[in-house]
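Keep in mind it's a predicted model, so treat the numbers as computed, not measured. Here is the naming used below: chain letters follow the sequence lines, and residue numbers restart at 1 for every chain.
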Protein chains: 2
Amino acid sequence: MDHLDAARLLAAECLCFRSRRTARAITRLYDAALRPTGLQATQLTLLGAIALGDDGAQPMGRLSDILALEISTLTRNLRAIEAAGLVTIGRSPTDRRVRVARLTDAGRTRLETALPHWNRAHEALLRTLGEAGAEDLHKALDTASRALGAAPGALPPADPA
Amino acid sequence: MDHLDAARLLAAECLCFRSRRTARAITRLYDAALRPTGLQATQLTLLGAIALGDDGAQPMGRLSDILALEISTLTRNLRAIEAAGLVTIGRSPTDRRVRVARLTDAGRTRLETALPHWNRAHEALLRTLGEAGAEDLHKALDTASRALGAAPGALPPADPA
DNA sequence: GGTTATTGCTTGCATATGCACATATCGAGC
DNA sequence: GCTCGATATGTGCATATGCAAGCAATAACC
């Protein structure tokens with residue numbers, strides 16, 4: 001196995017390369033569509049995950065599980081949307097170690113106003129991939145996330161088929 | 001459509017969220033396996049893409065197409081492996097704007113020695129996803145990359161089916 | 001062959017990501 | 001109620017990623 005065989009094997013088989021490349025391309029598409037909202041795709045995702053919690057609030061640990069994101073990354077990613085006034089960060093009353101992100105009214109509004117822009121990107125991607133391609137990708141990604149340990153609730157219920 | 005509906009729609013449908021989450025999880029797996037090699041998954045991918053070129057050299061523009069990576073990102077990602085002595089960066093003799101990354105002997109060696117570690121991650125992922133899950137993911141990602149404009153040669157030939 | 005448009009890349013700025021380590025808090029035993 | 005291990009998070013460091021603006025070299029056009 002010389003270095004050229006190694007390179008060919010990587011190019012042909014590596015799922016890390018593939019998953020990252022696809023994520024980059026898709027993210028650029030969504031980021032472009034979201035430009036008018038002042039949010040990046042990552043930030044909209046984070047806002048949405050927070051909105052899913054009771055009273056529009058989620059403890060960081062839960063966000064970490066839902067998003068499969070390191071808690072240290074989460075700490076910093078929250079700063080941008082906190083600085084923008086979209087969320088506030090408080091402590092849990094029952095466990096003072098736990099920090100809870102809570103949507104502000106501005107956050108709620110931003111989420112609603114951003115959705116149509118998200119949808120433009122979403123529709124554009126569906127057109128690009130085709131109905132079947134999008135469906136296959138969606139399923140394959142969910143299957144992989146489940147296998148790699150995404151939190152229950154972070155995904156739609158498993159297909160009983 | 002209130003903010004909660006918006007959040008539920010994002011959680012259920014967003015392919016940007018899904019592709020990024022999966023890429024994160026997979027990358028952590030590969031990075032952990034590659035730790036002993038001193039390379040990150042991204043760097044191994046880059047090294048591999050360079051190795052595929054004639055004489056183990058690729059112009060940056062070509063790398064950008066293969067990897068679907070912004071040229072500005074490429075500039076910086078090359079620095080780490082250049083500093084590590086794994087590649088050299090020169091100019092094309094025929095067009096002095098063009099920069100060409102070329103594998104050094106150390107780069108070739110590193111690629112070969114890293115491959116078994118890559119393979120450990122690869123095998124682990126295949127076990128985790130199952131044969132069918134891995135195959136589905138691989139195909140879906142390649143289909144998406146093709147649709148989103150990956151360079152020919154950056155992917156295996158299209159399935160004639 | 002000189003002007004202009006295009007191309008290839010770099011830099012400045014901002015966010016995203018993760019690991020190792022440090023800190024604060026909690027819970028279990030004693 | 002003190003100690004110790006476990007848990008939740010923050011910080012320092014490093015890389016990854018992309019856009020906008022700039023620079024240098026080439027190509028296109030007249």
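The shortest heavy-atom contact between A:T75 and A:M60 is OG1-CE, 3.5 Å. Across all their heavy atoms, A:P36 and A:R120 have their closest contact at CG-NH2, 4.3 Å.
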Please list each protein N or O that sits under 3.5 Å from an N or O in nucleotides 2-4 of chain C, with the distance.
none

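Taking atom CD1 on A:I71 and atom P on D:dA6, their separation rounds to 19 Å, with Å as the unit. Atom-to-atom, CE of B:M60 to P of D:dG18 comes out at 13 Å; the value is rounded to the nearest Å. Rounded to whole Å, atom P of D:dA8 lies 14 Å from atom CG of A:L74. Going from atom CD of A:E82 over to atom C1' of D:dG10 covers 13 Å, rounded to whole Å. As rounded to whole Å, 16 Å separates atom P of D:dC19 from atom OH of A:Y30.
B:L111 and B:L52 are members of different hydrophobic clusters when ILVMFWY side chains are connected at heavy-atom separations under 4.5 Å.
The 5' end of DNA chain D is approached more closely, in terms of each residue's nearest nucleotide, by A:T27 than by the other of B:R96 and A:T27. Nearest-nucleotide mapping onto DNA chain C: of A:D95 and B:I89, the residue sitting toward the 5' end is B:I89. Both B:R79 and A:R91 lie near DNA chain C, and the one whose nearest nucleotide falls closer to the 5' end is B:R79.
Heavy atoms of A:R62 sit nowhere under 4.0 angstrom from any nucleic acid atom. A:R21 comes within contact range of no nucleotide atom at all, as no heavy-atom separation falls under 4.0 Å.
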(message) Strictly under 4.0 angstrom, non-hydrogen atoms only: write out the protein contact profile of nucleotides 14-22 of chain C, one letter per nucleotide from the 5' end, B, S or -.
(response) -SSBBBS--

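Between the B:S64 side chain and the B:L69 main chain, a donor and an acceptor come within less than 3.5 Å of each other.
Under 4.0 angstrom from either OP1 or OP2 of D:dC23 there lies no side-chain N or O belonging to B:R97.
Interatomic distance, A:D136 CG to B:K139 NZ, rounded to the nearest 0.5 Å: 9.5 Å. Here the straight-line distance linking atom CD1 of B:I89 with atom CG of B:L78 works out to 4.5 Å at 0.5 Å rounding.
Within the structure, the salt bridge (charged side-chain N to carboxylate O under 4.0 Å, His left out) test picks out the following pairs touching residues 15-30 of chain A (sequence neighbours left out): A:R18-B:D142, A:R21-B:D142.
We find that A:R108 and A:D105 are joined by a salt bridge, their nearest charged nitrogen and carboxylate oxygen being less than 4.0 Å apart.
The environment of B:D55 atom CG is sparse: at most 12 non-hydrogen atoms of other residues, nucleotides or ligands sit within 6.0 angstrom.
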